[in-house]
S.K.: 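One structure, pasted below without further comment.
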Amino acid sequence: MSKSARFGCLCCTYDYETPKTLVIQSTKIGCMFRLVQFVVLLYVVGYVCVVRKAYQERDSVISSVTTKVKGFAYTNTSYMEPRLWDVADYVIPPQGENSFYVLTNVIMTPKQTQSRCPEPEICPGIQTGLCVNYSATVQTCEVLSWCPLEEHTKLPKPALLNAAADFTVLIKNSITYPKFKVNRRSILPHINSSYLKKCEFNRSTDPYCPIFRLKNIASEAGEDFQDMAVKGGILGIFIDWSCDLDWGAHRCFPKYSFRRLDSKNPVNNVAPGYNFRFAKYYQTPDGQESRTLIKAYGIRFDIIVFGTGGKFGIVPTIINLGAALTILGLAPKVCDWILLTCSSKKDLYKKNKITHLNDDDTESVSN
């Protein structure tokens with residue numbers, strides 16, 4: 001590297017730049033500058049402050065949920081004895097964690113005992129190695145199982161407990177924002193016992209009543225309850241507790257929404273709906289164990305609680321104010337760049353905007 005080149009690099013190392021004010025009386029440039037400032041202020045005030053509320057501290061909700069289902073159903077069919085169904089029969093299990101299940105359709109196999117019987121197409125037991133008559137014309141392997149085996153009969157349609165559409169559920173949801181020491185309940189302070197006995201959730205007329213009719217939950221999710229009741233399904237009850245606590249905790253209310261959660265793909269519909277098996281056990285007078293096998297179809301309701309609480313905080317306010325001032329300071333830089341690169345008078349602006357001085361020039365001015 002030549003001496004002059006090294007000297008030039010050394011001079012650049014010790015250069016110092018100081019801002020220089022250049023007042024340009026131009027309507028176009030003035031409007032452009034104000035427009036850039038307006039866009040920046042609109043972003044800071046409109047989006048950062050109003051929409052995102054970036055001046056607030058945030059806390060996530062902590063929630064607990066309990067439910068209580070009410071309703072009665074009566075069935076009288078040719079394949080089952082007449083019976084009355086109450087909460088103990090159709091809510092399985094009685095208590096769930098953030099969910100509850102309502103039985104809507106069943107296939108019952110009564111009076112099963114542990115013995116030997118011919119197997120159907122799918123073996124539900126242990127093969128004994130013997131071949132026995134399954135029907136007058138068909139022989140199958142013998143199995144050790146609970147007999148008689150469950151019959152793969154056609155599901156009742158409409159659903160056996162189609163009256164479940166009019167059952168109601170009370171959802172008691174308690175939440176807290178520990179950072180702000182705020183506690184709220186889905187049973188709001190203005191709700192008393194007499195009101196709770198007659199109210200029912202309605203998005204238009206009563207959006208804060210914590211009692212929901214099951215068919216209305218399905219309808220809000222875009223489903224027909226009677227269709228779902230045949231093979232079962234899963235419905236989600238979403239409770240949103242996103243609150244602006246600057247206005248006070250008394251203005252923090254739950255917002256409910258509903259959605260079907262299980263797959264309802266019309267093309268890939270293998271094993272649709274929701275079902276499981278359970279049994280009720282008895283003992284015969286001669287001491288033999290007996291049971292009634294129940295293949296239960298029904299709707300599971302999952303309660304999903306979420307939300308964030310926001311409240312004014314000095315730290316996020318200072319951070320975002322500093323960021324806003326920094327962004328606002330970009331407005332002159334943008335206008336300078338346009339003037340010095342795109343303007344027809346860019347050479348004139350450069351001449352007046354940038355002035356180079358060295359120590360010799362400074363000494364001559366002082367003399």
Side-chain angles (χ1 to χ4, degrees), residues 67-94 96 98-112 120-122 124 146 148-169 171 200-201 211-238 257-280 291-304:
T67 60
K68 182 181 291 185
V69 182
K70 289 185 178 181
F72 295 93
Y74 180 77
T75 57
N76 186 8
T77 63
S78 58
Y79 49 86
M80 186 184 300
E81 294 182 358
R83 65 176 296 173
L84 176 71
W85 301 75
D86 63 10
V87 176
D89 296 313
Y90 59 74
V91 177
I92 309 164
N98 291 352
S99 69
F100 62 95
Y101 174 88
V102 175
L103 180 73
T104 57
N105 215 358
V106 295
I107 295 177
M108 284 190 175
T109 308
K111 300 178 180 178
Q112 282 188 324
E121 296 178 0
I122 301 175
W146 286 92
L149 299 175
E150 178 184 85
E151 295 184 7
H152 296 276
T153 57
K154 188 177 180 180
L155 270 174
K157 191 173 182 179
L160 186 65
L161 271 74
N162 59 356
D166 287 316
F167 294 170
T168 60
V169 57
I171 299 178
E200 183 177 314
F201 174 84
I211 297 178
F212 304 83
R213 197 166 295 275
L214 301 191
K215 65 179 179 182
N216 293 340
I217 294 176
S219 177
E220 286 270 351
E223 301 290 335
D224 182 83
F225 187 92
Q226 301 295 350
D227 289 342
M228 283 192 70
V230 176
K231 293 185 177 180
I234 303 174
L235 289 173
I237 302 173
F238 297 85
S257 59
F258 311 89
R259 188 182 309 160
R260 183 166 184 170
L261 301 181
D262 63 314
S263 176
K264 202 183 78 167
N265 191 326
V267 178
N268 184 16
N269 60 351
V270 178
Y274 184 77
N275 66 80
F276 60 92
R277 291 174 175 84
F278 68 98
K280 294 185 177 181
R291 77 177 189 181
T292 297
L293 176 66
I294 301 171
K295 186 177 182 181
Y297 295 80
I299 301 176
R300 193 182 79 196
F301 296 84
D302 290 344
I303 303 169
I304 302 168

S.K.: Might you confirm whether atom NZ of K157 has over 12 heavy atoms from other residues, nucleotides or ligands at distances under 6.0 Å?
M.R.: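 Atom NZ in K157 is not crowded, with 12 or fewer foreign heavy atoms closer than 6.0 Å.
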S.K.: I'd like to check Y90 versus V69 (side-chain heavy atoms, cut-off strictly below 4.5 Å). Are they in contact?
M.R.: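 Yes, close enough: below the 4.5 Å cut-off.
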S.K.: Does CZ in R260 sit with more than 12 non-hydrogen atoms of other residues, nucleotides or ligands closer than 6.0 Å?
M.R.: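 Above 12, so yes.
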S.K.: Are any non-hydrogen side-chain atoms of I303 and F100 less than 4.5 angstrom apart?
M.R.: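 They are in contact (side-chain heavy atoms under 4.5 Å apart), so the answer is yes.
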S.K.: Give the minimum heavy-atom separation between L235 and A221, together with the two atoms involved.
M.R.: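 Scanning both residues, the minimum pair turns out to be CD2-CB, 3.9 Å.
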S.K.: With salt bridge (charged side-chain N to carboxylate O under 4.0 Å, His left out) as the rule and sequence neighbours excluded, what pairs involving residues 102-111 come up?
M.R.: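 Residue pairs with at least one partner in residues 102-111: there are none.
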S.K.: Is there a donor-acceptor pair closer than 3.5 Å between any side-chain N or O of N105 and the backbone N or O of V230?
M.R.: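 Yes: the side chain of N105 pairs with the backbone of V230.
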S.K.: Mind checking side-chain hydrogen bond (donor to acceptor under 3.5 Å, both in side chains) for E220 and listing every partner two or more places apart, or none if nothing turns up?
M.R.: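 Here the qualifying residues are R203.
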S.K.: Distance from N162 atom CG to D227 atom CG, nearest 0.5 Å?
M.R.: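 Reported value, rounded in 0.5 Å steps: 11.5 Å.
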S.K.: To the nearest 0.5 Å, what is the distance between CD1 (I107) and CD1 (I294)?
M.R.: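 One gets 12.0 Å once the value is rounded to the nearest 0.5 Å.
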S.K.: Do you know which two heavy atoms are closest between Y101 and G298, and how far apart they sit?
M.R.: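 Nearest heavy atoms, Y101 then G298: OH-N, 2.9 Å.
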S.K.: Which value, rounded to the nearest 0.5 Å, describes the distance between W85 atom CH2 and T104 atom OG1?
M.R.: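 It comes to 10.5 Å.
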S.K.: Can you name the nearest heavy-atom pair linking F238 to R259, along with the distance?
M.R.: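 Nearest pair, atom of F238 first, then R259: CE1-CB, 3.7 Å.
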S.K.: Looking at every non-hydrogen atom in both residues, tell me the closest pair between F278 and A296 and how far apart they are.
M.R.: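 In this case the closest contact between F278 and A296 is CE2-CB, 3.8 Å.
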S.K.: At what distance, to the nearest 0.5 angstrom, does OG1 of T292 lie from NZ of K280?
M.R.: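 The distance works out to 8.5 Å.
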S.K.: What class does the angle between the rings of F276 and Y274 fall in, given that below 30° is parallel, 30 to 60° is tilted and above 60° is perpendicular?
M.R.: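 Aromatic pair F276/Y274 classed perpendicular.
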S.K.: Which atom pair, heavy atoms only, marks the closest approach of A165 to Q226?
M.R.: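 Looking at all heavy atoms of both residues, the closest pair is CB-NE2, 3.7 Å.
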S.K.: Between F167 and A73, which heavy-atom pair has the shortest distance, and what is it?
M.R.: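 Of all heavy-atom pairs spanning F167 and A73, the closest is CZ-CB, 3.9 Å.
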S.K.: I need the I92 CD1 to L103 CG distance, nearest 0.5 Å.
M.R.: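 Answer rounded to 0.5 Å: 5.0 Å.
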S.K.: Not counting sequence neighbours, which residues clear side-chain hydrogen bond (donor to acceptor under 3.5 Å, both in side chains) with K295? List them please.
M.R.: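 For K295, the residues satisfying side-chain hydrogen bond (donor to acceptor under 3.5 Å, both in side chains) (neighbours in sequence not counted) are Y297.
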S.K.: If you take the centroid of each ring, where Trp contributes its six-membered ring, are F201 and F258 closer together than 6.0 Å?
M.R.: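 Distance test on ring centres: under 6.0 Å, yes.
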S.K.: Rounded to the nearest 0.5 Å, what separates atom CG in D166 from atom CG in L214?
M.R.: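 Atom-to-atom, D166:CG and L214:CG are 8.5 Å apart.
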